[in-house]
Amino acid sequence: MSESVVGQLYVLQFLDDWVDFRYAEFLALLKLEGFQPELLTAYVIHDPNGLADPSAYVPIDLRNPSASPHTVASILSYLRHNKIVQHFLIFSFSDEAALVRIANRAVLVKNIYRLWGHEASFPALVDAVRHNSAELMESYLQPENSHLSWSVEVVGFGRSFTMPEKQALRTHFSFLQFPGPVNLRSPDIEMCLLCDYSAGSSYTKSKEDNAAPSVPCYLGRRLPTVGMRDVLKKYSLKTRPYLGPTSLDDALTFILANMVGCKSGMVSYEPFVGTGSIVVALAHLGVFCVGSDIDPRVLRGEMYAGQEDTVIQAKKKRQQQYKELKQNVHALIKEGSNMPVAEGATAPETLRQ
């Protein structure tokens with residue numbers, strides 16, 4: 001195998017949804033950006049199913065990110081083969097801009113952090129970050145960065161923290177003295193402490209554990225990503241004027257588009273286009289789309305829909321209007337039959353009918 005690519009260490013947090021596709025989507029987007037997952041160094045975190053030793057945490061050397069025998073491809077292959085749902089991935093990467101592009105396009109990537117430390121417990125994490133603090137803070141103490149605002153966020157995965165508990169955990173990192181002002185709303189440097197209570201039997205830990213979590217903990221700088229939230233909201237099935245009985249979920253369509261590596265300039269032909277769920281995602285990504293379907297009623301919107309301006313709803317509206325008109329005519333005939341009629345005169349022909 002070729003020599004592994006060495007770079008900075010990052011921790012990726014997957015979205016807790018569509019777990020069967022999370023690994024495949026991330027691998028596909030790495031390849032789309034021109035990276036080989038077989039050459040990207042990765043670290044074993046934990047195995048909640050007990051297939052490996054859950055306590056065998058690999059010491060992460062920030063000065064030598066390639067000091068691991070594993071790669072992104074090998075770890076994700078192991079997790080997928082053994083059906084292990086892991087919410088975090090630690091790996092080495094050399095192009096942060098490309099990583100931001102991947103995170104902005106991926107549906108199942110929630111956040112990516114530049115890793116400052118990862119240990120099996122919170123006290124061990126504080127000690128490790130303190131030991132490396134001089135090197136970690138070096139670039140932020142330069143005069144050109146002295147104006148950058150910052151904040152420290154505390155996130156519990158599988159466990160919530162109260163505001164006093166978050167503040168108590170933050171104070172342990174007071175030795176990280178950023179020169180800029182604190183900004184809790186939109187900081188330039190957003191540090192995040194992640195406590196993973198989903199690891200192994202951590203769900204059973206009592207609330208007293210929140211004071212000093214004895215679970216895998218991460219500290220890192222969150223990358224400025226926007227993700228796919230706004231895109232999925234724009235193309236949500238709830239916003240579409242016409243839906244069919246087999247319209248594909250909007251998030252899943254973008255996941256499938258990512259897995260096959262779609263990009264701008266490609267051409268796609270969809271022989272079973274239906275209501276166009278897949279071509280919506282492809283068109284957003286810049287793909288030229290052509291589609292067809294065996295049933296033209298689906299293409300015309302006559303099969304099933306959820307809005308009143310569709311063909312089938314208009315037909316139902318006409319039927320209702322005809323029913324009301326018929327009732328009015330019968331009422332008019334009944335009223336006319338009760339009117340006094342002069343001798344020798346007859347009721348109008350329309351009323352008799």
Side-chain angles (χ1 to χ4, degrees), residues 7-16 60 62-63 65 87-88 90 93 96-97 99-104 109-198 207-230:
Q8 299 291 334
L9 284 173
Y10 296 88
V11 55
L12 179 148
Q13 181 183 6
F14 289 106
L15 190 69
D16 194 18
I60 298 177
L62 296 177
R63 298 177 180 84
H87 304 290
F88 298 92
I90 296 177
F93 210 75
E96 189 167 295
L99 201 54
V100 170
R101 290 195 298 270
I102 291 174
N104 284 336
V109 172
K110 185 173 184 179
N111 285 304
I112 297 183
Y113 305 87
R114 183 166 177 175
L115 191 66
W116 283 38
H118 164 61
E119 296 293 337
S121 67
F122 177 75
L125 174 65
V126 174
D127 291 340
V129 175
R130 189 191 304 274
H131 179 72
N132 296 315
S133 60
E135 183 176 348
L136 293 170
M137 293 291 297
E138 182 178 0
S139 63
Y140 299 100
L141 297 177
Q142 301 300 321
E144 61 271 18
N145 294 327
S146 60
H147 66 285
L148 298 178
S149 61
W150 62 280
S151 70
V152 178
E153 181 59 46
V154 178
V155 178
F157 192 82
R159 175 73 62 85
S160 61
F161 292 94
T162 64
M163 290 303 296
E165 288 173 339
K166 289 183 178 182
Q167 184 58 31
L169 293 174
R170 288 191 187 101
T171 58
H172 288 81
F173 297 100
S174 58
F175 55 86
L176 297 176
Q177 297 181 358
F178 291 96
V182 175
N183 186 341
L184 299 180
R185 292 185 177 273
S186 56
D188 298 314
I189 305 168
E190 184 180 357
M191 302 301 298
C192 188
L193 168 67
L194 296 131
C195 302
D196 185 11
Y197 277 88
S198 70
K207 280 290 185 179
E208 285 71 19
D209 190 73
N210 287 11
S214 56
V215 297
C217 294
Y218 310 81
L219 181 70
R221 177 180 60 83
R222 183 181 180 274
L223 299 190
T225 60
V226 295
M228 290 286 289
R229 180 177 302 178
D230 291 340

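Just so we're clear, the structure is a prediction, and the values are computed from it rather than from any experiment.
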Gap separating the CD atom of E208 from the CG atom of N210, nearest 0.5 angstrom: 8.5 Å

Partners passing side-chain contact (heavy atoms from CB on, under 4.5 Å) against V182 (at least two apart in sequence or in another chain): W150, L184

Spatial distance of atom CG (L99) from atom CG (L12) [nearest 0.5 Å]: 7.5 Å

Side-chain (E190) to main-chain (P187) donor-acceptor, under 3.5 angstrom: no

Full working for side-chain contact (heavy atoms from CB on, under 4.5 Å) between N145 and I189: CA-CA 10 Å; N145 294 327; I189 305 168; over 6 Å; no

Sequence-distant partners of A97, side-chain contact (heavy atoms from CB on, under 4.5 Å), two or more places apart: D95, R101

Short side-chain to backbone donor-acceptor contact, D196 and V215, under 3.5 Å: no

Centroid-centroid distance, H118 to Y218, less than 6.0 Å: yes

For residues 169-176, which side-chain N or O atoms pair as donor and acceptor with protein atoms under 3.5 Å away, sequence neighbours left out?
{"residue": "R170", "atom": "NE", "partner": "V152", "partner atom": "O", "Å": "2.5"}
{"residue": "R170", "atom": "NH1", "partner": "Q167", "partner atom": "OE1", "Å": "3.3"}
{"residue": "T171", "atom": "OG1", "partner": "A168", "partner atom": "O", "Å": "2.6"}
{"residue": "H172", "atom": "ND1", "partner": "A168", "partner atom": "O", "Å": "2.9"}
{"residue": "S174", "atom": "OG", "partner": "T171", "partner atom": "O", "Å": "3.2"}

L115 side chain near I90 side chain, heavy-atom distance below 4.5 Å: yes

L223 CG to C192 SG distance, which is reported to the nearest 0.5 Å: 11.5 Å

Expected output: side-chain D16 to main-chain H87 donor-acceptor under 3.5 Å: no

Closest contact, heavy atoms only, C195 versus C217: SG-SG, 3.8 Å

Nearest atoms (heavy-atom pairs only) where N183 meets R185: OD1-N, 3.0 Å

Trace of the side-chain contact (heavy atoms from CB on, under 4.5 Å) decision for D188 with Y140: CA-CA 11 Å; D188 298 314; Y140 299 100; over 6 Å; no

Distance (rounded to the nearest 0.5 Å) between R130 CZ and L136 CG: 13.0 Å

Test log, rule side-chain contact (heavy atoms from CB on, under 4.5 Å), inputs R159 and K207: CA-CA 9 Å; R159 175 73 62 85; K207 280 290 185 179; 3.5 Å; yes

More than 12 heavy atoms of other groups within 6.0 Å of E144 CD: yes

Donor-acceptor pair, side chain of E138 and main chain of A134, under 3.5 angstrom: no

From CA spacing to verdict: side-chain contact (heavy atoms from CB on, under 4.5 Å), R114, E96: CA-CA 9 Å; R114 183 166 177 175; E96 189 167 295; 3.9 Å; yes

Pairing residues for Q13 by the side-chain contact (heavy atoms from CB on, under 4.5 Å) criterion, not counting sequence neighbours: F88, K110, N111, Y113, F157, L194

Point-to-point distance, once rounded to the nearest 0.5 Å, from CZ of F178 to CG of L141: 8.5 Å

Interatomic spacing from CG in N104 to CD1 in I112 - rounded to 0.5 Å: 9.0 Å

For Y10, ring pair (Phe, Tyr, Trp, His ring centres under 6.0 Å) partners two or more places apart: none

Listed partners of P181 passing side-chain contact (heavy atoms from CB on, under 4.5 Å), at least two apart: S149

Nearest heavy atoms of T225 and A103, plus distance in Å: CG2-CB, 3.6 Å

